[in-house]
Amino acid sequence: MSLTPDWAKLRADFPILNQQVHGKSLVYFDNAATSQKPRSVIDALVHYYEHDNANVHRGIHELSNRATNAFEAARTRTAKFLNARSGDEIIWTRGTTEAINLVAATWGSKHLKAGDVILLTEVEHHSNLVPWQLIAQKTGAKIAYIPVTGDEGTLDLSKLDSLLTSQVKLLSLVHISNSMGTVNPVAELCAKARKLGIVTLVDGAQSAGHLPVDVQAIGCDFFAFSGHKICGPTGVGALYGRYEVLETMPPYQGGGEMILSVGYQKTEFKHAPHRFEAGTPDISGPIGLHVAMDYLDAIGRDNIWKHDQELANYAYEKLSALKNIRLFGPKQNRAGLVSFLLKDVHAHDVVEFANTAGVALRGGHHCTQPLMHKLGVESTARASFYFYNTKAEVDVFVEVIKGIQKFFT
Ligand code: C6P
């Protein structure tokens with residue numbers, strides 16, 4: 001465990017948090033949607049545009065060299081962040097969504113055929129459902145689901161062995177559920193799948209910046225995450241792919257930079273990861289993300305995880321003491337968020353009311369519509385935390401919730 005950070009000092013690194021909303025100090029509890037950015041990340045973006053902006057891999061002038069070196073250094077840094085073997089296993093994408101679409105479109109088109117099964121779970125975000133539905137329609141593959149237990153949002157693994165048939169070619173599952181706060185046993189599931197020759201993908205959108213991630217220890221073939229959820233800029237994310245698997249996959253998009261040579265009829269493609277990166281990429285994004293990863297690892301993701309869980313448990317306990325509230329997600333080992341519904345109050349009304357008190361929540365289906373339907377609800381309200389949040393903010397939030405209950409009764 002790294003040294004205990006000075007959380008108050010860290011919070012001061014985030015200029016956006018120091019503001020009033022509707023006359024109240026902002027309480028930003030929408031971190032699962034996107035995190036805020038520390039000054040160092042904002043400065044890195046400004047520095048890049050003020051000093052080094054040029055296209056990458058194309059020029060041999062000084063600025064192009066600087067931009068290319070910084071862009072590729074960020075790739076190596078991302079490999080270290082995930083404990084991948086090298087930067088060659090890191091593909092830049094716009095985020096988790098594009099990373100999963102890339103795997104579904106390229107790996108899926110090459111390796112799936114009619115009768116094959118794609119195994120998902122019932123708690124997946126739309127980003128880990130829709131791309132598989134699209135490729136299933138094209139290839140004739142079927143989709144099966146590991147069931148969820150109910151409001152706790154945990155997976156019912158008693159069905160796993162019967163679901164892992166010889167038709168299953170891929171298992172894709174979320175590491176931390178964005179609407180329940182469940183932490184899935186990804187290493188255990190990937191180990192089982194690997195023994196059966198099943199390729200695995202982990203959606204790390206909610207985990208990469210919240211707990212230490214080691215893709216080799218997890219044993220997955222793919223791992224996807226978004227920069228904007230881990231203190232980095234929007235518009236950049238990464239796909240980790242085990243190199244041996246990446247090399248079996250055709251390109252994602254065609255264009256400049258992903259080629260070795262082009263003729264009028266035929267093209268030879270680069271090796272991974274460049275084969276999957278056509279055209280001018282987001283350059284400032286990886287550069288900002290590099291600084292964000294340094295920032296998080298200086299705090300220690302083990303510390304961040306502990307802090308996340310403390311806040312979530314504190315919030316969960318306080319909300320549990322209220323009447324007429326339905327709480328979702330596990331009681332044990334909860335990630336840094338709490339999803340709930342107040343009796344006879346729509347989740348959107350909770351969020352609107354909280355907004356007038358300066359508290360930023362999210363209400364809706366959280367892009368997990370099938371899960372919501374399974375649980376018999378349309379939406380939930382959600383408070384999601386990060387390391388710059390405090391127990392005092394949770395107290396404010398709980399008072400606001402009490403106020404909402406009073407108002408609506
Ligand atoms: N969840 C939320 O919960 P993108 O939009 O590509 O950066 O991330 C998509 C995504 C994929 N998987 C999980 C588990 C996610 O939580 C998300 C994004 C946001 O508020 C937006 S719905």
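Just follow the structure's listing: the first ligand is 1, and inside any ligand the first atom is 1.
From the protein, the heavy atom lying nearest to atom 18 (C) of ligand 1 is Lys229 NZ, 2.9 Å. For atom 11 (C) of ligand 1, the closest heavy atom belonging to the protein is Asp203 OD2, 3.5 Å. Of the protein's heavy atoms, His125 CD2, 3.3 Å lies nearest to atom 15 (C) of ligand 1. Nearest non-hydrogen protein atom to atom 16 (O) of ligand 1 is Gln206 NE2, 2.7 Å.
Contacts between Arg94 and ligand 1, counted as non-hydrogen atom pairs separated by less than 4.0 Å, are absent for every part of the residue. When non-hydrogen atoms are compared, ligand 1 lies under 4.0 Å from neither the backbone nor the side chain of His126.
Of the charged side-chain nitrogens involved, at least one lies within less than 4.0 Å of a carboxylate oxygen, so that Arg301 and Asp297 count as a salt-bridged pair. The residues Asp88 and Arg75 are annotated as not salt-bridged, no charged nitrogen and carboxylate oxygen being separated by less than 4.0 angstrom.
The shortest non-hydrogen separation linking Val148 to Glu122 is N-OE1, 2.9 Å.
Residue-ligand proximity, Thr97 to ligand 1, at heavy-atom distances under 4.0 Å covers atoms 4 (P), 5 (O), 6 (O), 8 (O), 9 (C). The atoms of ligand 1 that sit less than 4.0 Å from any heavy atom of Asn178 are 1 (N), 2 (C), 3 (O), 16 (O). Heavy-atom contacts of Cys367 reach the following atoms of ligand 1: 22 (S) (cutoff under 4.0 Å). Taking every heavy atom of Arg362 and a limit of under 4.0 angstrom, the matching atoms of ligand 1 come to 2 (C), 3 (O), 19 (C), 20 (O), 21 (C), 22 (S). Distances below 4.0 Å separate heavy atoms of Val174 from the following atoms of ligand 1: 14 (C). Below 4.0 Å from some heavy atom of Ser226 lie the following atoms of ligand 1, by number and element: 4 (P), 6 (O), 7 (O), 8 (O). Ligand-side atoms of ligand 1 in range of Ser127: 9 (C), 10 (C), 11 (C), range being under 4.0 angstrom from any heavy atom.
Judged by distance alone, with hydrogens and angles left aside, the side-chain atoms of Lys37 form a donor-acceptor pair with the main-chain N or O of His228 at under 3.5 Å. Panel note: side chain Asn389, backbone Phe385; no donor-acceptor pair is recorded below 3.5 Å. With hydrogens and angles disregarded, a donor-acceptor distance shorter than 3.5 Å links the side chain of Glu124 to the backbone of Val174.
Between Phe71 and His57, the ring planes lie perpendicular to each other; the angle is over 60°, past the 30° to 60° tilted range. Between Phe397 and Phe29, the ring-plane angle classifies as perpendicular under the 30° and 60° cut-offs. In this structure, Tyr388 and Phe14 have tilted ring planes: the angle between them lies in the 30° to 60° band.
Between Glu124 and ligand 1 there is no heavy-atom distance shorter than 4.0 Å.
Residue His366 places no N or O, backbone or side chain, under 3.5 Å from any N or O of ligand 1. For ligand 1, the polar-atom distance check against Glu98 finds no nitrogen or oxygen pair separated by under 3.5 Å.
No more than 12 heavy-atom neighbours from other residues, nucleotides or ligands sit within 6.0 angstrom of NZ on Lys343.
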